[in-house]
Enquirer: 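One structure follows; several queries about it will come next.
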Amino acid sequence: MTHEQEVLEKLKQFDTPSVTNVVATYPGDMEYCLGLYHPWNTKWYTDETLKCMYPELGRLAGHVVTVTFGLPDPKFSRLGFLDLYKAIEKMPKPVIVAMKQDLPEEIKKKNGLCGGNMMTAFKSLGVIGVISDGPSRDLDEVRPMGMQYMLTGVCAGHGDFSIHAINTPVDICGMEVAPGDIVHMDENGAVKFPAEYLDEVAERCERLQAYETKKQKLLAEHHDAETLAKILSDNYE
Ligand SMILES: O=C([O-])CC(=O)C(=O)O
Ligand SMILES: [Mg+2]
């Protein structure tokens with residue numbers, strides 16, 4: 001295992017909201033928050049339209065490979081699955097595939113894009129999950145694979161589609177990700193950060209978790225309004 005893989009493994013100890021807290025949620029907090037993005041004005045985490053299909057899998061973190069699907073274009077057929085698989089091969093593992101569905105809304109909502117066959121090939125290449133701004137299918141086939149599906153929903157069928165781009169930056173449900181970015185995801189959604197911050201995110205998550213465990217223990221032990229407000233606002237001796 002590389003050092004990076006060890007840290008990605010360690011990040012599974014922390015939920016995605018805690019990772020967002022460390023990445024950018026509280027920019028005024030110099031102790032735990034890196035302040036990498038403006039919390040409201042930057043697209044660094046996914047919105048409520050993204051749903052976690054297998055919450056029982058817990059948290060996952062990996063490097064992003066992006067792919068954009070669109071309607072078949074007779075003037076552009078240069079890219080295929082081989083190119084996508086080669087891009088995954090080149091990326092450090094584990095990989096999370098960010099699948100942009102660049103389709104008219106009426107078609108996008110009935111595009112069961114990814115399925116058991118695609119996910120089996122992805123797994124063979126070191127992919128641990130797919131995140132997409134549209135639906136996919138074969139939930140029952142994918143469940144035993146232990147791979148995560150973060151989608152807007154599911155639907156059973158689809159028509160013809162083709163690959164329009166590989167490893168370009170994409171927007172997935174309000175999160176703009178670039179190839180190589182780290183994505184951390186669980187039943188709360190997904191967050192991204194640049195790979196160079198991996199060590200620091202893990203270190204701060206660990207400290208934040210210890211701090212919040214202590215704080216929640218105190219909150220559970222006290223039962224009067226004044227003390228609870230003090231504990232919450234950090235003024236408790
Ligand atoms: O038809 C497709 O390409 C998607 C699918 O069901 C599969 O990968 O199994
Ligand atoms: Mg299928």
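Side chains included, hydrogens not; waters and symmetry mates left out as well; all remaining heavy atoms used. Every number for a ligand or one of its atoms is a count from 1 in the order of the listing. Keep in mind that what you see is a predicted model, and the values were worked out from it rather than measured.
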Enquirer: Name the orientation class of the two ring planes belonging to F122 and Y85 (parallel below 30°, tilted from 30 to 60°, perpendicular beyond 60°).
Expert: perpendicular
Enquirer: So for L113, does at least one of its heavy atoms come nearer than 4.0 angstrom to any atom of ligand 1?
Expert: yes
Enquirer: Side chain or backbone, does R137 bring an N or O within less than 3.5 Å of an N or O on ligand 1?
Expert: yes
Enquirer: Listing by chain and number, which protein N, O or S atoms are under 2.8 Å from the Mg ion (ligand 2)?
Expert: D138 OD2
Enquirer: Examine the proximity of ligand 1 to D138 and report which part, side chain or backbone, both or neither, has a heavy atom under 4.0 Å away.
Expert: side chain
Enquirer: Does G116, backbone or side chain, put an N or O under 3.5 Å from an N or O of ligand 1?
Expert: yes
Enquirer: Do the side chains of D133 and K108 get close enough for a salt bridge, i.e. N-O under 4.0 angstrom?
Expert: yes
Enquirer: Decide yes or no for P179 and T66: does some side-chain heavy atom of the first lie under 4.5 Å from some side-chain heavy atom of the second?
Expert: yes
Enquirer: Flag the pair K10 and E206 as a salt bridge only when some basic side-chain nitrogen lies within less than 4.0 angstrom of an acidic carboxylate oxygen.
Expert: yes
Enquirer: With distance as the sole criterion, is a donor-acceptor pair present between the side chains of H164 and T68 under 3.5 Å?
Expert: no
Enquirer: Heavy-atom contacts with M118 under 4.0 Å: which atoms of ligand 1 show up? List them by number with element.
Expert: 3 (O), 7 (C), 8 (O)
Enquirer: How about Y26 and Y32: are their ring centres within less than 6.0 Å of each other?
Expert: no
Enquirer: Out of the candidates Q148, K100, M175, M99, only one should pair with I131 under the side-chain contact (heavy atoms from CB on, under 4.5 Å) rule; please name it.
Expert: M175
Enquirer: Less than 4.0 Å between a side-chain N and a carboxylate O, is that true for R207 and E203?
Expert: yes
Enquirer: Is the shortest side-chain heavy-atom distance between I231 and H222 below 4.5 Å?
Expert: yes
Enquirer: Of the backbone atoms (N, CA, C, O) and the side-chain heavy atoms from C-beta on, which set of M119 has a member under 4.0 Å from an atom of ligand 1: side chain, backbone, both, or neither?
Expert: neither
Enquirer: If you measure from each heavy atom of H158 to ligand 1, is any distance below 4.0 Å?
Expert: yes
Enquirer: Any side-chain donor-acceptor pair under 3.5 Å between N117 and T120?
Expert: no
Enquirer: Nearest heavy atom to atom 7 (C) of ligand 1: which of A121, A156, C114, G115 does it belong to?
Expert: G115
Enquirer: Out of all atoms in ligand 1, which are within 4.0 Å of some heavy atom of N117? Include the element for each.
Expert: 7 (C), 8 (O), 9 (O)
